[in-house]
K.L.:
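Here it is: the structure, laid out below.
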Amino acid sequence: MPEIFYNIMVPVDFTARTKWAVAKAIELANNLHCNIHLVHVVSRQMLPFTSFDASHALAYDITADLANARYKLEQLRDDYRAHLCEGSKLEISLLHGNKSAELTRYIKQFRMDLVVIGLPRFNLIHRVVSAFSLSSLGKKTNVPTLAVRSSGLVSHFKKIVLPIHNNIPVQRIRLATMLARSFRSTVYLVSLRKNTSKSDNLIHKALEVLQSISTIPAQCFLLEGKNLAKSTLEFSKKINADLIMANQLKEFNMPGSWNRLTKKILSYGSNIPVITVDKSEVISL
């Protein structure tokens, strides 16, 4: 995890969720003094049967789609560029191909430090597809992914909640301390109470790691309940948290068979923005 961010990527689909993702990315860029990359992928679409040469129709169709997408990207850039502070840049990129593959390639090639994704509204099909894409992108790139919806457009990250499962989440702790320094935040380390000394030792060990990195304010809480995602969300609502930092492990999924079936990860169960970090943790007890 870098000590500072240089590049934030926002996948663009020109829907309402793109607007609040860009708004959140601009807020972060202005606080972290980094650049924003707006990236749109044009995927090849099947054309209806025609009586003329299909290769020419396909080439024309892609060219038209690329031109239209380029125009929309430029408009989006021009609309938001003035909101960036001096020293930060807003760049646009137009790609063609498989969306997941192209975004993954871009993230790795240009070394993105954070991806900001706007969540769709409560449409079941869109949620399942988006949840799969969100999880897949994080696992392929190991880059932190911030998921936001319109209700999560706070103008600060004053209270950051970091849930802990079975090990010390070093990368998330480093990311939390970096954000906390920029936003002058307090980090809340939370874990489930399991009637053993291990959970208590684990959370305090995590606090020691955090304090060895930074002097930011931090507090520890042992939560009641059986599901870490649900208990974390309830705690976050109670303290009016501004950000939750989790992993895409099954322990961070909302409980219930229906939620598992529809891939209701913590990002979708929360109106509070959620950053997921998929890189393997390196310290355990």
K.L.:
Is it the case that the side chain of Asn30 and the backbone of Leu84 share a donor-acceptor pair, with hydrogens and angles ignored and the cut-off at 3.5 Å?
P.N.:
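Between the backbone of Leu84 and the side chain of Asn30 there is no qualifying donor-acceptor contact (under 3.5 Å).
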K.L.:
Kindly write out the residues that satisfy side-chain contact (heavy atoms from CB on, under 4.5 Å) with His33, not counting sequence neighbours, or none if the list is empty.
P.N.:
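His33: no side-chain contact (heavy atoms from CB on, under 4.5 Å) contacts found.
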K.L.:
Which distance, rounded to the nearest 0.5 Å, do you find between the CG of Leu32 and the SG of Cys85?
P.N.:
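Reported value, rounded in 0.5 Å steps: 11.0 Å.
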K.L.:
What's the shortest heavy-atom distance between Ala176 and Ile216, and which atoms?
P.N.:
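That would be O-CD1, 4.5 Å.
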K.L.:
Would you give the length of the straight line joining atom CD1 of Ile36 to atom CG of Leu28, rounded to the nearest 0.5 angstrom?
P.N.:
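If we round to the nearest 0.5 Å, Ile36:CD1 and Leu28:CG are 8.0 Å apart.
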K.L.:
Closer than 3.5 angstrom, by distance alone: can the side chain of Arg172 be matched with the main-chain N or O of Pro163 as a donor-acceptor pair?
P.N.:
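Flag set: sc Arg172 to bb Pro163 pair under 3.5 Å.
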K.L.:
Taking side-chain hydrogen bond (donor to acceptor under 3.5 Å, both in side chains) as the test, write out the residues that go with Glu86, two or more places apart.
P.N.:
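Not a single residue meets the side-chain hydrogen bond (donor to acceptor under 3.5 Å, both in side chains) criterion with Glu86.
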K.L.:
Indicate yes or no for a side-chain donor-acceptor contact from His40 to the backbone of Val12 under 3.5 Å, with no hydrogens or angles considered.
P.N.:
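Indeed, once roles are kept as given, a pair shorter than 3.5 Å links the two residues.
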K.L.:
Show every ring pair (Phe, Tyr, Trp, His ring centres under 6.0 Å) that has at least one partner inside residues 215-234, sequence neighbours left out.
P.N.:
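The answer is Phe221-Phe235.
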K.L.:
Please list, chain by chain and in numerical order, all residues satisfying ring pair (Phe, Tyr, Trp, His ring centres under 6.0 Å) with Tyr106, sequence neighbours excluded.
P.N.:
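Checked Tyr106 against ring pair (Phe, Tyr, Trp, His ring centres under 6.0 Å); matches are His37, Phe110.
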K.L.:
My understanding is that only one of Asp113, Leu179, Ile275 makes a side-chain contact (heavy atoms from CB on, under 4.5 Å) with Pro144; could you say which?
P.N.:
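Considering Asp113, Leu179, Ile275, a side-chain contact (heavy atoms from CB on, under 4.5 Å) with Pro144 is found only for Ile275.
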K.L.:
Please identify each residue that fulfils salt bridge (charged side-chain N to carboxylate O under 4.0 Å, His left out) with Lys89, with sequence neighbours left out.
P.N.:
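Checked Lys89 against salt bridge (charged side-chain N to carboxylate O under 4.0 Å, His left out); matches are Glu91.
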K.L.:
Do Asn35 side-chain atoms and Asn7 backbone N/O form a donor-acceptor pair below 3.5 Å?
P.N.:
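Side chain of Asn35 to backbone of Asn7: no pair is present.
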K.L.:
Could you give the distance from CE (Met245) to OG1 (Thr276), rounded to the nearest 0.5 Å?
P.N.:
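Met245 atom CE to Thr276 atom OG1 measures 9.5 Å (nearest 0.5 Å).
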K.L.:
Can you name the nearest heavy-atom pair linking Ala206 to Leu189, along with the distance?
P.N.:
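Smallest interatomic distance, heavy atoms only, reads C-CD1, 4.0 Å.
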K.L.:
To check you understand the geometry: which heavy-atom pair defines the closest contact between Leu222 and Leu192, and what is its length?
P.N.:
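The answer is CD2-O, 4.3 Å.
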K.L.:
Is there a donor-acceptor contact under 3.5 Å from the side chain of Asn31 to the main chain of Glu27?
P.N.:
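Such a contact is found between Asn31 side chain and Glu27 backbone.
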K.L.:
Drop me the distance from Asn166's CG to Ile168's CD1, to the nearest 0.5 angstrom.
P.N.:
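Rounded to the nearest 0.5 Å, the CG-CD1 separation comes out at 10.5 Å.
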K.L.:
Using the test side-chain contact (heavy atoms from CB on, under 4.5 Å), find all partners of Ser185 that sit at least two apart in sequence or belong to another chain.
P.N.:
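side-chain contact (heavy atoms from CB on, under 4.5 Å) check on Ser185 returns Phe157, Ile160, Ala180, Phe183.
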K.L.:
Quick one: CZ on Phe5 to OG on Ser182, what's the gap to the nearest 0.5 Å?
P.N.:
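Going from CZ on Phe5 over to OG on Ser182, the span is 9.0 Å.
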K.L.:
Distance-only, no hydrogens or angles: does the Ser43 side chain make a donor-acceptor pair with backbone N or O of Gly97 under 3.5 Å?
P.N.:
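Judged by distance alone, yes, a pair lies under 3.5 Å.
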K.L.:
Among all residues two or more places apart in sequence or in another chain, which pass the side-chain contact (heavy atoms from CB on, under 4.5 Å) test with Arg81?
P.N.:
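side-chain contact (heavy atoms from CB on, under 4.5 Å) list for Arg81, sorted by chain: Arg77, Asp78, Leu90.
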K.L.:
Taking side-chain hydrogen bond (donor to acceptor under 3.5 Å, both in side chains) as the test, write out the residues that go with Glu208, two or more places apart.
P.N.:
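Applying side-chain hydrogen bond (donor to acceptor under 3.5 Å, both in side chains) to Glu208 gives none.
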K.L.:
Taking Ser231 for the side chain and Asn227 for the main chain, is one N or O donor matched with an acceptor at less than 3.5 Å?
P.N.:
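Yes; at least one donor-acceptor contact below 3.5 Å.
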K.L.:
Kindly write out the residues that satisfy side-chain contact (heavy atoms from CB on, under 4.5 Å) with Asp13, not counting sequence neighbours, or none if the list is empty.
P.N.:
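Residues passing side-chain contact (heavy atoms from CB on, under 4.5 Å) with Asp13: Thr15, Arg17, Thr18.
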K.L.:
If only atom types and distance count, is the side chain of Ser214 paired as donor or acceptor with the main-chain N or O of Thr177 below 3.5 Å?
P.N.:
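No, the answer is negative, given that no donor and acceptor are paired below the 3.5 Å cut-off.
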K.L.:
Looking only at heavy atoms, what is the nearest atom pair of Ala218 and Leu207, with distance?
P.N.:
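Taking Ala218 first and Leu207 second, the nearest heavy atoms are CB-CD1, 3.7 Å.
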K.L.:
Considering the options Lys99, Met112, Met9, which one meets the side-chain contact (heavy atoms from CB on, under 4.5 Å) requirement together with Val39?
P.N.:
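When side-chain contact (heavy atoms from CB on, under 4.5 Å) is applied between Val39 and each of Lys99, Met112, Met9, only Met9 qualifies.
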K.L.:
Are Arg105 and Glu102 within salt-bridge range, i.e. N to O under 4.0 Å?
P.N.:
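Judged by the 4.0 Å cut-off on N to carboxylate O distance, Arg105 and Glu102 do form a salt bridge.
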K.L.:
Return the minimal non-hydrogen interatomic distance between Leu228 and Thr232, and the atom names on each side.
P.N.:
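Scanning both residues completely, I find the closest heavy atoms to be O-OG1, 2.7 Å.
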